[in-house]
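These notes are about the structure you will find just below.
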Amino acid sequence: MASSSKEKNKAPAKLWGGRFAEKTAASVEAFTASIHYDARLYKHDIAGSRAHAKMLAKQGLISAKERDQILKGLGQIEREIEAGTFVFRPELEDIHMNIEKTLVEKIGPAGEKLHTARSRNDQVALDVRLYLREECRNLIALLAGLQKAFVVLARTYQHAVMPGYTHLQRAQPVLVAHHMLAYYEMFGRDRERLSDALKRINVMPLGAAALAGTGLPIDRAFVAKELDFPKITANSMDTVGDRDFIIEFMSAASLVQIHLSRLSEELVLWTTEEFSFVTLADSFCTGSSIMPQKKNPDIPELIRGKSGRVVGNLMSLLMLLKGLPMTYNRDLQEDKEPLFDTVDTVSQSVAIMSQLLGNLQFNEARLAAGLGGGYMTATDLADYLVLKNIPFRQAHAIVGRTVAFCLSKGKELTELTLKELQKFSEVIEGDVFKVLSIEGSVASRVSPGGTSGKMVAKALKRAEKEMGISA
Ligand code: ARG
């Protein structure tokens, strides 16, 4: 069939359709489309295209007039997407094609010049880096909010004492503030890890083109400056096949969720009748459809449950890359759904956990009741003997026998008389009772990083300073 020369010069319906004789099968269009999830990258796609168009004009690859037409068209598209009037077309596969095709329809030939010296391979890398840079910064800020919640709790319950556990058995008394600041440290490391990942997210990939770079006279540094990237990627092949920055983020984010899960487990335990260490606000719990008396800790339970999908998403990405030859492969399109899910899940979990902590009360009477019965100052007695020059292993055995005696008599260590104590070691004197008290035990832990009031006050001060909270 002969076609007019006008038709010959027209771009095909599909932007890549020139070499194809047959229409794409409907099933193939449905299978390959990603627009239903990558539409969320529209802002970043448009920002990237704006910077690219400005660069093309600066380099004389398009005219200033064409640049302005492109910028105007992109602005219109952005407003339509935000107003919900933009029509996304699955047959155009992804967000990049949907925007480019609509631009061409709006402004004509100038729109057809936008993709000069660009491939979707470097374009999608740019979009995801822009998106993730923003989300990573957002998560870092949310984590700072979570850390603040722990600092506030530490200040509120600065002098309250609670049982510290190993193996979930009562071990040694600690300050509630010390326990709270343990989480402060944990989430501080998470923030550091994300800030470090951000360095490798924040690198500008555009200009790698399909895989080999381009012969057209582009200016990558200009694009980087426009989009506020401190540097550009070094190797065009690596650039279009690299998803390490996503995996690093997902790995750091997985650890955040695992930390939240550990905290959740404690909250679930602490809200049981058996512990009753804390009370959650009614507004942060839900009830049972059958048991009228129930008040359930659903938020920590769900956060704990969601750690499965977050770690699963990380595994998906690792498996996605395994065995991929250089450079871009369509497999890589599968990176987005797990990434988006991790961003959403972890950000929401951190945010709601911060709110929940602001609505949590420690029951100090219950904490105090938890301090008896566990012989939690037994180590203090052993240390007392060490200071009287008894080798630690011998001291350990002496205290072990003392505890066994207490168990047989149903007594606490503090309930023994000096005489009874001296049966186990003659070096024991009247000053031992201070050592056996809960308060004495806590106050004695003055090693750096220990739970004494002195050390915790120092740690709290530092945390408040780091968080910009004035005491
Ligand atoms: N939707 C694709 C993705 O997310 C964009 C890149 C497609 N590139 C290509 N050569 N088909 O990976």
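Residue indices begin at 1 and follow the sequence shown. All ligand and atom numbering here is 1-based and tracks the order in the structure.
In the vicinity of N121, heavy-atom distances shorter than 4.0 Å reach the ligand 1 atoms 8 (N), 9 (C), 10 (N). Set against the non-hydrogen atoms of D94, the atoms of ligand 1 under 4.0 Å away are 1 (N), 2 (C), 5 (C). Below 4.0 Å from some heavy atom of S34 lie the following atoms of ligand 1, by number and element: 1 (N).
Here the protein heavy atom with the shortest distance to atom 3 (C) of ligand 1 is Y328 OH, 3.3 Å.
Under the 6.0 Å distance and 45° angle rule, R129 counts as a cation-pi partner of F245.
For the pair E78 and K72, the salt-bridge criterion is not met [side-chain N within less than 4.0 Å of a carboxylate O].
For the side chain to side chain donor-acceptor pair (under 3.5 Å) with R120, the lone residue among H96, E93, H115 that qualifies is E93.
Listed for the N363 side chain is no donor-acceptor partner under 3.5 Å among the backbone atoms of A365. Judged purely by atom type and a 3.5 angstrom limit, D122 uses its side chain to pair as donor or acceptor with the backbone of S119.
The option from R120, E334, K336, Q333 that lies nearest to atom 11 (N) of ligand 1, judged by heavy atoms, is R120.
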